[in-house]
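Shown next, in structure tokens, is the structure this report addresses.
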Amino acid sequence: MHKILLYAYGNPGRQDDGLGNSFIDIMAEWIKEQEINHVFTDSNYQLNIEDAEVISNYDEVYFVDASLENIDSFIITEVSPSDAKIEFSMHAVSSAYILDLCNKIYHKTPKTFLIHIKGYEWDFQEGITYKALSNLERTVAFMKEKIIAELN
């Protein structure tokens, strides 16, 4: 079975910006309970250029982040290395940039997606808003179903 990485980034100290991190906490516990051996999790405050090496070890990668976009509860978009843009600051690199680096350095291009979870508040305080928690629950349910379907 191919190896899958769920990798979230965000700041739990900025309300809904912690959606991805909460997604990973829930999924990691569920993966452990279900004894699923091919799905792995990781999270950080932001993507870093070193993550190109991390994703090179997987066949499929799902980056997970809170989103300000005008979406319903969540969307999943495919990431392409051709979408990589020149970065002016290494404080915030995009998932496409990481995938492009992975391709250039390690000659690997895992199938990569970005899960955008709709957030609403970004103030400096801990705790995800009620509306965003609902979006998180929908996202988790979708990914659990997807992983179970792949097992069958």
Side-chain angles (χ1 to χ4, degrees), residues 1-34 36 38-49 51-52 54-55 58-89 91-103 109-152:
M1 187 152 284
H2 67 282
K3 289 173 55 178
I4 299 171
L5 175 64
L6 306 175
Y7 187 116
Y9 49 96
N11 183 348
R14 295 207 57 198
Q15 290 183 293
D16 294 346
D17 196 34
L19 278 164
N21 307 81
S22 292
F23 173 88
I24 292 300
D25 291 344
I26 295 166
M27 291 300 295
E29 183 64 30
W30 178 77
I31 290 164
K32 182 179 175 184
E33 289 170 0
Q34 300 298 311
I36 298 172
H38 72 288
V39 180
F40 302 86
T41 61
D42 198 356
S43 65
N44 206 337
Y45 279 98
Q46 63 190 20
L47 292 176
N48 298 292
I49 59 173
D51 293 323
V54 172
I55 71 168
Y58 296 90
D59 303 299
E60 196 170 331
V61 176
Y62 289 86
F63 289 113
V64 187
D65 192 19
S67 177
L68 290 166
E69 294 181 40
N70 186 20
I71 56 176
D72 183 25
S73 55
F74 74 96
I75 60 169
I76 300 175
T77 58
E78 189 164 357
V79 177
S80 170
S82 64
D83 294 334
K85 296 179 177 77
I86 296 172
E87 302 289 334
F88 294 103
S89 167
H91 294 290
V93 296
S94 70
S95 54
Y97 188 75
I98 297 300
L99 184 58
D100 187 49
L101 280 178
C102 181
N103 184 10
T109 309
K111 188 94 169 150
T112 304
F113 302 90
L114 177 57
I115 302 174
H116 314 250
I117 306 174
K118 176 70 175 167
Y120 304 92
E121 300 292 332
W122 312 93
D123 292 331
F124 285 102
Q125 64 183 41
E126 290 188 15
I128 296 170
T129 62
Y130 179 75
K131 289 192 322 186
L133 281 174
S134 177
N135 297 339
L136 175 61
E137 289 172 5
R138 287 185 187 109
T139 310
V140 166
F142 176 86
M143 286 305 292
K144 285 180 179 180
E145 286 179 27
K146 181 172 178 42
I147 292 168
I148 289 171
E150 289 180 359
L151 291 172
N152 297 325

Query raised in the report: Is there a side-chain contact between Ser134 and Ser73 (heavy atoms, below 4.5 Å)?
Result: no
Query raised in the report: Ser94 versus Leu99: any side-chain heavy-atom pair under 4.5 Å?
Result: no
**Report entry** Audit row: Ile36, Trp30, side-chain contact (heavy atoms from CB on, under 4.5 Å) steps and yes/no
**Finding:** CA-CA 9 Å; Ile36 298 172; Trp30 178 77; 3.7 Å; yes
**Report entry** Shortest non-hydrogen separation from Ala96 to Ser80 and the atoms involved
**Finding:** CB-O, 3.5 Å
**Report entry** Sidechain-backbone polar pair: Asp51 side chain, Asn48 backbone, donor-acceptor under 3.5 Å
**Finding:** yes
Query - Reported CG-to-CD distance for the pair Asn44 and Gln46, which is rounded to 0.5 angstrom - result: 7.0 Å
**Report entry** Any donor-acceptor N/O pair, Lys118 side chain to Asn70 backbone, under 3.5 Å
**Finding:** no
Query raised in the report: Once you round to the nearest 0.5 Å, how far does CG of Leu133 lie from CD1 of Ile128?
Result: 5.5 Å
Report task. Apply the side-chain hydrogen bond (donor to acceptor under 3.5 Å, both in side chains) test between His2 and each candidate in His38, Lys111, Glu60; give the one that qualifies. Result -> Glu60
Query raised in the report: Hey, is CD on Glu33 packed in by over 12 heavy atoms from elsewhere, all under 6.0 Å?
Result: yes
Report summary line: Rounded to the nearest 0.5 Å, the CG atom of Leu68 sits from the NE2 atom of His116 at a distance of 12.0 Å
Report task. Evaluate the side-chain contact (heavy atoms from CB on, under 4.5 Å) criterion for residues Met1 and Leu151: first the C-alpha distance (whole Å), next the side-chain angles of each, then the deciding distance (0.1 Å), finally the verdict. Result -> CA-CA 9 Å; Met1 187 152 284; Leu151 291 172; 3.8 Å; yes
Requested in this report: Please lay out, stage by stage, how Phe142 and Ile115 fare under the test side-chain contact (heavy atoms from CB on, under 4.5 Å).
Outcome: CA-CA 11 Å; Phe142 176 86; Ile115 302 174; over 6 Å; no
Query - Steps toward side-chain contact (heavy atoms from CB on, under 4.5 Å) verdict (Arg138, Asn135) - result: CA-CA 5 Å; Arg138 287 185 187 109; Asn135 297 339; 3.3 Å; yes
Report task. First locate atom OG1 of Thr139, then atom CD1 of Ile75, and finally report the distance between them rounded to the nearest 0.5 Å. Result -> 10.5 Å
Query - Inter-residue atom distance Ser95.OG - Ile55.CD1, 0.5 Å rounding - result: 9.0 Å
Report task. Calculate, to the nearest 0.5 Å, the distance between atoms CD1 and CD1 belonging to Ile98 and Ile49 respectively. Result -> 7.5 Å
Query raised in the report: If you look at every heavy atom in Trp122 and Ser67, which pair is closest and at what distance?
Result: CZ2-O, 3.9 Å
Only pairs under 3.5 Å count here: list side-chain donor-acceptor contacts from residues 15-29, not counting sequence neighbours, and write none if there are none.
| unit_1 | atom_1 | unit_2 | atom_2 | d |
| --- | --- | --- | --- | --- |
| Gln15 | OE1 | Asp123 | N | 3.0 |
| Asp16 | OD1 | Thr129 | N | 2.8 |
| Asp16 | OD1 | Thr129 | OG1 | 3.0 |
| Asp16 | OD2 | Tyr120 | N | 2.6 |
| Asp16 | OD2 | Glu121 | N | 2.9 |
| Asp16 | OD2 | Thr129 | OG1 | 2.9 |
| Asp17 | OD2 | Asn11 | N | 3.0 |
| Ser22 | OG | Gly18 | O | 3.4 |

Query raised in the report: Going by the angle between their ring planes, with limits at 30° and 60°, are Tyr62 and Phe113 parallel, tilted or perpendicular?
Result: parallel
